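These notes concern the structure reproduced below.
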Amino acid sequence: MQIKSIRGFNDILPDKIKRWHHIESTAKEILELYGFSEIRTPVIEFTDIFARSLGTTTDIVEKEMYTFTDRDGSSLTLRPEGTAGVVRAYIEHALYSISPIWKLYYMGMMFRHERPQKGRYRGFYQIGAELFGSKDPFSDAEVITMLWRFFEAIGISNYLTLEISSIGDDRCRPLYRSKLIEFFSSRKDTLCRDCLRRLQQNPIRILDCKQEGCKQLTQDAPSILDNLCKECSEHFESVQKNLQNIGINFAINPRIVRGLDYYTRTVFEVTTKELGAQNAVGAGGRYDKLVEELGGPPTPAIGFAIGMERVVLLHEKAFPEDFKKQVDVFIAYIGSEAKKKAFLIADQLRRNSIATELDYEDRSLKSQLKRADKLGARFTIIIGEDELKQDKVKLRNMKESTEEEIKFEDIFPKLKNTCSHLSNTTSDFHRNQKAL
Ligand code: ATP
Ligand code: MG
C-alpha cells in the first residue's frame, strides 16, 4: 500500500514556501506596527470551549469539527478557529488583571471537516487578531484598517471588497429575531430544509443561506440595520465615519451574518470574485459578550481571521513570477584540497549572512556550474588547483557574466554589500509595495 496524506490536508513544498514566508512576515510586520503581539495556543482544546463560544447550532459545531474522546474519556476537538482558544487563554491567565487592553495575534493551522475543493481544505492556515478591552468604535476602525492595510501591503487589495454591517446586541437583536421569525413563518414553503430548522433555532442565519430560494426570499426580509437600538446605531455610524476619515473604502451589507454566535455589533468580511465559491478571504467582528460567557469578566473585544491559502492563491495571481529561495553564492571546486578550502569559505560566508551553497560530490566543474545556474546564484566562486596555490579564487558575477581573480581575504569584503539575506527580504517587500 502506498502511503499518502489525509484528504483535505496539504503539504506546502519548498518551491511554494518563500511566498508563504513573505506573506507571513508582512503580516507580522503590520500587526506589530499596530501594537499586536503573537500568542500561541494549543491546536486542541476541550470540545466544550468551541461548543460554548461558537454556538451549538453553527455549521462548524454541527458538522465541521474534528472531535474525539481522549483516553480519560474527555471530549477534545482540533481547533476549527482561533478566537475561542485565545479567549480561553486570556481568561485562564487573567490577562485582564495585567493590562486593560490586549492586542493579540496568531498564525496557525485550523481543522474543519468540509468538502475539499480549491481554496477550501480540512487543514488550513489562518492569521488572526483579537483586541480585548475596548468597546470604542475607533477600535473597530483600527482593526478593520489594519486588515485592509495588510492586503494593500502584500499587493492583493485590488482583488478585494470590504463589507461591513452591524448585527446589534442583546438589546435590539431579540426584537429583530422575532421580526424575522414572523416574516419567515408565513413563507415556510419556500425555505430549504436547513432553514426550516434555523427558523426555530437561529433564524438570523437564514440570511446567510446559499440556496437560491432562500436567497430570493431574504431580499424582502426586514433588515437588521433598520432595527438597531440607539446605542448600536450610533456605534455603527461612528465606525463608518472613522473608516471614511482615513480613506478606507467599504460597502454596507446588512446580510453579513457571520457563522458564529458570539458576534455583537460590528461585523465585516473581505471577499473576492477571483476564487469561485471560496469568496471569503477574511472576516471578523466584535464579540463583547464572549469573554464573560466563557467565565471571564465582562470584556468587550473585536477580531478577525484571514484564510492563508486563499491569500496565497490571490498573491500567485497578482505576482505570478516565482518566489524562489535566493542563493547568493555557489562555490565550485576542483580537487580535494580545494574542497576543504570551499568548505571553509562557505562557513565564513554563511556566518556573515551570505546564503552559500556547494556540492560535495566531486562532480566536474561544468556540472557544478550548471547547478549554480539552476539555483540562481548571484555569484560563483571557483577554486581550482592553480588558484589554490596563489591563495586566490575566481569570482564570477552570474548576472553580468564578468569574472575576476581575487584573494581569499577579499571575498567577504567584496560580497558583503551585494549579498545578504536581510536585504533580500526587504527588496521583496519593496517590490510588492511598488506593485500596489
Ligand atoms: P466560508 O464561507 O468560505 O466557509 P467561513 O465563514 O466559514 O468561510 P471564517 O470562519 O470566517 O470562514 O474563517 C475566516 C477565513 O478563513 C475565511 O474568510 C476563509 O478565508 C478561511 N477559511 C475558512 N474555512 C476554510 C477552509 N475550509 N479552507 C481554507 N480556508 C478557510
Ligand atoms: Mg465555512
Side-chain angles (χ1 to χ4, degrees), residues 6-12 20 23-24 27 43 50 53-55 57-66 77-87 105-130 143-144 147-148 150-151 154 156-157 159-165 167 194 198 202 204-205 207-211 215 253 255-263 266-287 290 302-317:
I6 304 165
R7 188 164 129 85
F9 289 80
N10 302 313
D11 298 310
I12 305 157
W20 281 68
I23 295 168
E24 286 165 352
V43 296
F50 300 113
S53 53
L54 310 187
T57 63
T58 54
D59 277 357
I60 293 183
V61 174
E62 275 180 344
K63 49 189 186 210
E64 294 175 1
M65 292 204 309
Y66 280 91
T77 294
L78 294 179
R79 64 179 181 195
E81 56 96 61
T83 305
V86 173
V87 172
Y105 76 86
Y106 57 83
M107 297 185 175
M109 202 174 199
M110 306 296 156
F111 307 85
R112 297 186 193 175
H113 198 277
E114 307 196 61
R115 194 167 68 77
Q117 48 201 296
K118 191 177 178 194
R120 187 178 299 282
Y121 310 102
R122 291 180 173 175
F124 61 98
Y125 286 84
Q126 284 187 342
I127 300 175
E130 318 287 354
V143 165
I144 295 171
L147 175 65
W148 192 255
F150 161 68
F151 290 129
I154 56 166
I156 62 167
S157 57
Y159 294 136
L160 302 173
T161 313
L162 169 65
E163 295 182 326
I164 66 171
S165 185
I167 54 167
D194 279 342
R198 289 178 184 135
N202 200 347
I204 293 173
R205 299 220 26 244
L207 301 176
D208 199 27
C209 183
K210 308 274 187 297
Q211 301 287 332
K215 256 168 122 177
N253 177 0
R255 282 145 180 287
I256 300 179
V257 169
R258 307 296 303 121
L260 318 175
D261 279 358
Y262 56 56
Y263 288 109
T266 314
V267 285
F268 50 95
E269 282 181 0
V270 175
T271 55
T272 180
K273 291 198 168 69
E274 309 285 332
L275 301 177
Q278 278 52 257
N279 64 350
V281 179
R286 180 166 276 291
Y287 51 95
L290 182 60
I302 178 163
F304 62 72
I306 302 166
M308 258 308 272
E309 285 78 2
R310 296 183 194 178
V311 168
V312 168
L313 287 169
L314 292 177
H315 197 267
E316 281 169 352
K317 224 176 183 50

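One-based numbering, in listed order, for ligands and for the atoms of each. Note: hydrogens, waters and symmetry copies are ignored here, and every other heavy atom, side chains too, is used. Just so it is clear, the structure is predicted and the values come from calculations on it, not from any experiment.
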So, are R205 and D194 salt-bridged, with charged N and O less than 4.0 Å apart? no
Could E114 and R122 be called an ion pair, given the rule that one side-chain N must be under 4.0 Å from one carboxylate O? no
Which ligand 1 atoms are under 4.0 Å away from a heavy-atom of G282? 18 (O)
Contacting atoms of ligand 1, where contact means under 4.0 angstrom from a heavy atom of G119: 28 (N), 29 (C), 30 (N)
Does any N or O atom in [X] lie less than 3.5 angstrom from one in ligand 1, N or O only?
X	answer
K210	no
E114	yes
A280	yes
I306	no

Ligand 1 contact on [X] by region, counting heavy-atom pairs under 4.0 Å:
X	value
V281	backbone
M110	neither
R310	side chain

Tell me if the OH atom of Y121 is crowded by more than 12 foreign heavy atoms within 6.0 Å. yes
Nearest non-hydrogen atom to atom 3 (O) of ligand 1 belongs to which of Q278, E269, E309, R120? R120
Option set F124, Y121, Y125, F111, criterion heavy-atom distance to atom 31 (C) of ligand 1, minimum: F124
Would the distance check show the side chain of E24 and the main-chain N or O of A27 forming a donor-acceptor pair, the cut-off being under 3.5 Å? no
Does at least one non-hydrogen atom of E81 fall below 4.0 angstrom from an atom of ligand 1? no
Could you tell me the separation between the CZ atom of F304 and the CZ atom of F268, rounded to the nearest 0.5 Å? 7.0 Å
How long is the gap from OH on Y263 to CD1 on I167, to the nearest 0.5 Å? 9.0 Å
Please name the residue in the list R112, Q278, E309 that meets the side chain to side chain contact (heavy atoms under 4.5 Å, CB included) test with R120. Q278
Smallest heavy-atom separation, Y106 atom then V86 atom, equals CD2-CG2, 3.8 Å
